[in-house]
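Note that these values count all heavy atoms, side chains included, but never hydrogens, waters or copies made by symmetry. Below, chain A is the first sequence line, B the second, and so on; all start at residue 1.
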Amino acid sequence: MASPLAALDRVFGPVFDGLLPGAASGLRPSQRADFQVDGALALARSLGRPPRDVASEVLEAAKQGGLMQVCEEAVVAGPGFINLTLSPEFLAGGLRSSAADPDLGIAKSARPVRAVVDYASPNAAKQMHVGHLRSAIIGDAIVRLLEASGHEVIRENHVGDWGAPFGMLIEHLHDLGEAEGAHELAVGDLENFYQAARAQYDRDPTFAERARGRVVLLQAGDPETLKLWEALVQRSVSHFDAAFHRLGTKLTRDDVVGESYYNPMLAGVVADLGKAGLLVESDGAMCVFPPGFSNREGKPLPLIVQNSVGGYTYATTDLAAIRDRVDRLGARLLVYVVGLPQTQHFQMVFAAARMAGWLPDDAEAVHVGFGSILGPDGKMFRTREGGTVKLAELLDEAVDRARSLLLARAEGEGDAQAGGAGPVGGVVGAIEALAEAVGIGAVKYADLASDRTRDYRFDWDRMLSLDGNTAPYIQYAHARVCSILRRAVGALEGAQGEGAQGEGAQGEGAQGEGAQGEGAQGEEAQGEGAEASAGGPAGEIGVAKAARPAGGAGTAGGGGAEGDGAGRLRGPFLQPALVLPPAEPEERELAKRLLGFADAVEATLATYSPHKLCGYLFDLATSFTNFYEHCPVLRAPDRGTRSSRLVLCALSGAVLERGLSFLGIAAPERM
RNA sequence: GCCCCCGUAGCUCAGCGGAUAGAGCGGCCGCCUUCUAAGCGGCGGGUCGCAGGUUCGAGACCUGCCGGGGGCGCCA
């Protein structure tokens, strides 16, 4: 149990419950101490006693309950707050269990469920644009977090592959002829294809008439029409697949469950609503009237499931999807990552599904809504010409910008390290993968980092900045971790090769450079192996641990090619036995931060708010950077401190990488 | 007309009913013979849109205004 919050809650929870059943402890992080307990103030009110007296009593009881195993200081302050300072020993214990835990402290849910997450949902035969970006990115983060918490997740990409627009698209494809059409679809931009069909539809009444006829043929299952439709949809799905792969989401074409899938179920939905007595005819349309919704005249607002000409609506499809997900898939959590304008629609659909008994009491449906993406000018995000920003072009620009920054940095480094042993060449060689990781990571992080219910302002310079709450800043902290570990590993290998010679170098190690320095470090690394053996079986520990995949959640998307490498790098250093109680303030702060990972994940999932995890990772990266600035690792004052700090580094790297992976963002080893 | 979301530092944003409201950017000052300075430290910067109310305690909860965005019966 690494989480201090959980440990303190176990102490204070029973105390408050004992004084007044159900009373909240008001335990939370504090700016004046590590944590504070506010509950005594409210409790004093209920008990009619002076707050400070109650606080003292609570504190006494907490001490009886083992508080001092967690804290080194606990005092009543101000009007009746209790300020808590964690003990270094407790922090060390937390670090040890965290280092030994492949899940880094994240517990599996006590009540795992099967969940369906509905996200991305682009429209077939149209380019994806930034509007689909948020859904894909937020949805993917939710999927990964649910999985990490032990839930079984089924991803569904509810692609718009049915309905009226396909009449004109199919008709246009038909007009082009099989050969020409296939060619168009193969090489052409789908957006152009859509525009061409649209233009034809608008200017040619006979074409429009045929297009409407096509819709009927499509719904009737006409073979030739279906064949053309299939070609269109497959082409679109391939386009989506490529885009999602590049974005680094978990979505593949296997997750596509388009609207067309529900088509055969729609008549049954309406029929069953009728049987349940929920259907009302209004102006020729079949409607459900869930209570609590009204239109502009103040009259009950209908959910139309069949329009006056007999067609089904997206409400019908959504109801069918609920039945399918609950009954066929056995899901008990339905998550919809769809824009905020759909709020009322989902409220009504969920309400109707409850009324019909399709959403049982033990099932939960959640609309995870999000705001729009705005341009730097604060208006809807569009190209300079006023058109829709295409996703592919957006990602290209992100990668281009990242590449420029990386190249500029590589050049600067070349000057600084003139004559050095050429990491620059390696950086240049890997620059494409890095540019993908940084550029796409920046776009995704910017989207996740602010409260999803707000509109968010798209700003290249801010999202790619290395300063502030950005992906590059966090990735950079991770790269610094790797840099230290690489050198430490190098020293370890050096020791194996020339252990004997290393001995003499130790005395000069402090000033030593180059080969001599390596030798000195190598000598220490050997000693580390010996220390490790105190806490477990001998020297193989390093090797055995090294093989353990610390990045167990799998590599993050995009340029995730390096993910496994960082895990291998950390392995030898994630040794619980080497952890010392943090002594320096920066060590202490970093340790506390590391132990808060599970709490951050839990808080994020509780409200489906990825920005909370972003905030945590930013704080962690900041804590690590402070530690990095103030606490030398490889040149630590003594061997024990060095080993312990290496564990802190390895754990920081593991949490940063894992946290970024939950957001679907790569953690490169070098930047 | 009704409903929903938003309004916090010059800008972009955090903020869990609790103590003196926090970051980052931008501005000013300082720190690289030392593990990646794309970094770190410091300084300045706020009647939390306005007005009432609830509470021992409100940026947070309630009501009403003001401002911005969105939705409100046969598109999805």
Identify whether any heavy atom of [X] sits under 4.0 Å from a base atom; if not, whether one sits that close to sugar-phosphate; answer base, sugar-phosphate or nothing.
| X | value |
| --- | --- |
| A:L41 | base |
| A:C631 | base |
| A:Q36 | base |
| A:A77 | base |
| A:A285 | base |
| A:P302 | base |
| A:S483 | base |
| A:D451 | sugar-phosphate |
| A:C287 | base |
| A:S450 | sugar-phosphate |
| A:H611 | sugar-phosphate |
| A:A449 | nothing |
| A:Q342 | base |
| A:N83 | base |

How long is the line joining [atom1] of [X] and [atom2] of [N], in whole Å?
| X | N | atom1 | atom2 | value |
| --- | --- | --- | --- | --- |
| A:Y456 | B:C6 | OH | P | 19 Å |
| A:N626 | B:C31 | CG | P | 19 Å |
| A:H630 | B:A37 | NE2 | C1' | 13 Å |
| A:F618 | B:G15 | CZ | C1' | 15 Å |
| A:K299 | B:C72 | NZ | P | 18 Å |
| A:R645 | B:U34 | CZ | C1' | 14 Å |

Review point. A:E657 versus A:V481: any side-chain heavy-atom pair under 4.5 Å?
Key: no
Point to revise | Face-on cation placement of A:R134 at A:F370 ring, 6.0 Å and 45° thresholds | key: no
For the [atom1] atoms, the ones on [N] and on [M], what distance do you get once it is rounded to whole angstrom?
| N | M | atom1 | value |
| --- | --- | --- | --- |
| B:C13 | B:A9 | P | 11 Å |
| B:U8 | B:C48 | P | 11 Å |
| B:C2 | B:U20 | P | 40 Å |
| B:C35 | B:G30 | P | 24 Å |
| B:G49 | B:G15 | P | 15 Å |
| B:G7 | B:G26 | C1' | 22 Å |

Revision key, fill the gap. Checking A:Y119, A:Y336, A:Y262, A:Y314 against A:H158 for ring-ring contact (aromatic ring centres under 6.0 Å, His included), the one that qualifies is A:Y262
Would you please confirm or rule out a distance under 4.0 Å between OP1 or OP2 of [N] and any side-chain N or O of [X]?
| X | N | answer |
| --- | --- | --- |
| A:R454 | B:A14 | yes |
| A:Y616 | B:A14 | no |
| A:R480 | B:A37 | yes |
| A:Y473 | B:C40 | yes |

Exercise for review: Would you mind calling B:C40 syn or anti? Take O4'-C1'-N9-C4 for purines or O4'-C1'-N1-C2 for pyrimidines, and syn is within 90° of 0.
Suggested key: anti
Check your understanding: So A:F624 and A:F627, would you call those rings parallel, tilted or perpendicular, with 30° and 60° as cut-offs?
Key -> tilted
Exercise for review: Please work out which of the three classes, parallel, tilted or perpendicular, describes the rings of A:F166 and A:W229, given edges at 30° and 60°.
Suggested key: perpendicular
Review point. Would you say the side chain of A:S465 and the base of B:C25 hold a donor-acceptor pair, judged only by whether the two atoms sit under 3.5 Å apart?
Key: no
Review point. With distance as the sole test, does A:Y456 use its side chain to make a donor-acceptor pair with the main-chain N or O of A:D451 at under 3.5 Å?
Key: no
